[in-house]
2 protein chains.
Amino acid sequence: MGGDADTVEDLLSRLRAGGQRVTTARRAVLAEIVAAGSVHLTADDMARRIGAEHPDIHLSTIYRTLDALADAGIVAVARFRDEPVTYHLTDDVHHHAVCTTCGATLVLEPDVLDPVRRRLLRDHGFVADPHHLTIGGTCARCARDA
Amino acid sequence: MGGDADTVEDLLSRLRAGGQRVTTARRAVLAEIVAAGSVHLTADDMARRIGAEHPDIHLSTIYRTLDALADAGIVAVARFRDEPVTYHLTDDVHHHAVCTTCGATLVLEPDVLDPVRRRLLRDHGFVADPHHLTIGGTCARCARDA
DNA sequence: CTTGATGCAAATGGTTTGCATGTTT
DNA sequence: AAACATGCAAACCATTTGCATCAAG
């Protein structure tokens, strides 16, 4: 399923290497993100899930933790449509194609962007590192029905 | 400079065709969007600019106008980093490459995405119509300095 | 004249922050 | 012990909404 070899403890040690402390909240947040796999969680989603086990972990702590994890380059931020911001592991690079008619979502391998990357490098010297793009369009089913 | 032949009155007649009314506020908003060209404006930007001439046009009206224009397919919504939502003409298709180090922005012609579109069509039957993608990476200058 | 658009003020909702306290190192 | 993370409540900011009034058709 992709480079999902990341364990919570691995990631925590990356945090620690960055001079940050390891706490229950941070472990819990990372556990949720790892468990979610390619499903995208909002801060609130995490708060609700973590709350079952740790009712004392406050939403603001989750935001602060996500900030720290983002600073450390461990998680990346993504926006879907108008929904709240979501977070996912930086190591889990992929893109989405979203059907603007029915909302269906396709997960795309990162290499679909390779031609674009080559062109940006050639034409502009720009080293593209696209994470989590969302490409709109019409899915096969909706295109057929049109 | 792209298909910038859209005049405010052209666009207004599209609005009218959609059963919407044409008002001073709507004319003013469209005028700003057209004038801005490929610069992206937030609702607040427009409020400030329009306010010089029409101090009575309220920010909430601008939001409602932008909603109407978006429903009519005349303007499209785009998000930059964490900044507020920006609006641009739907006819003005382009993409961006943003340097995650220095924030520099490159405007990309729509055809840079063509290889991706072809691949999505071939592999998934997905008819991509990407508007205003933002591709992260490192610009030439920052890559050199690294 | 009728319906839809606007101004204003107040509500909303996600996210951030100040501060005192608890925890990691 | 010192520095940093947390809980809580309050602040923030972009955006939305209710309602009475005004203007476009």
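All of these numbers come straight from a predicted model, not from anything done at the bench. By convention in this document, chain letters (A, B, ...) are assigned in the order of the sequence lines, proteins followed by strands, and residues within each chain are numbered from 1.
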So what does R16(B) touch, heavy atoms closer than 4.0 Å: a base, only the sugar-phosphate, or nothing? sugar-phosphate
So what does D44(B) touch, heavy atoms closer than 4.0 Å: a base, only the sugar-phosphate, or nothing? nothing
Quick one: which of [options] gets closest to the side chain of [X]?
{"X": "Y63(A)", "options": "dT16(C), dT6(D), dA14(D)", "value": "dT16(C)"}
{"X": "D56(A)", "options": "dG25(D), dA14(D), dG7(D)", "value": "dG7(D)"}
{"X": "T61(A)", "options": "dT15(D), dT6(D), dG7(C)", "value": "dT6(D)"}
{"X": "A25(A)", "options": "dT6(D), dC8(D), dA14(D)", "value": "dT6(D)"}
{"X": "V22(B)", "options": "dC8(D), dG25(D), dT15(D)", "value": "dG25(D)"}
{"X": "S60(A)", "options": "dG7(C), dA9(D), dA5(C)", "value": "dA9(D)"}

Compute whether any side-chain donor of one residue and acceptor of the other, for H131(B) and H88(B), lie under 3.5 angstrom apart. no
At less than 4.0 Å, is any side-chain N or O atom of R21(A) found next to OP1 or OP2 of dT23(C)? Yes or no. no
Indicate, yes or no, whether a donor-acceptor pair under 3.5 Å links the base of dG18(C) to the side chain of R64(A). yes
List the atom of H96(A), the atom of V107(A), and the distance in Å for their closest heavy-atom pair. CE1-CG2, 4.0 Å
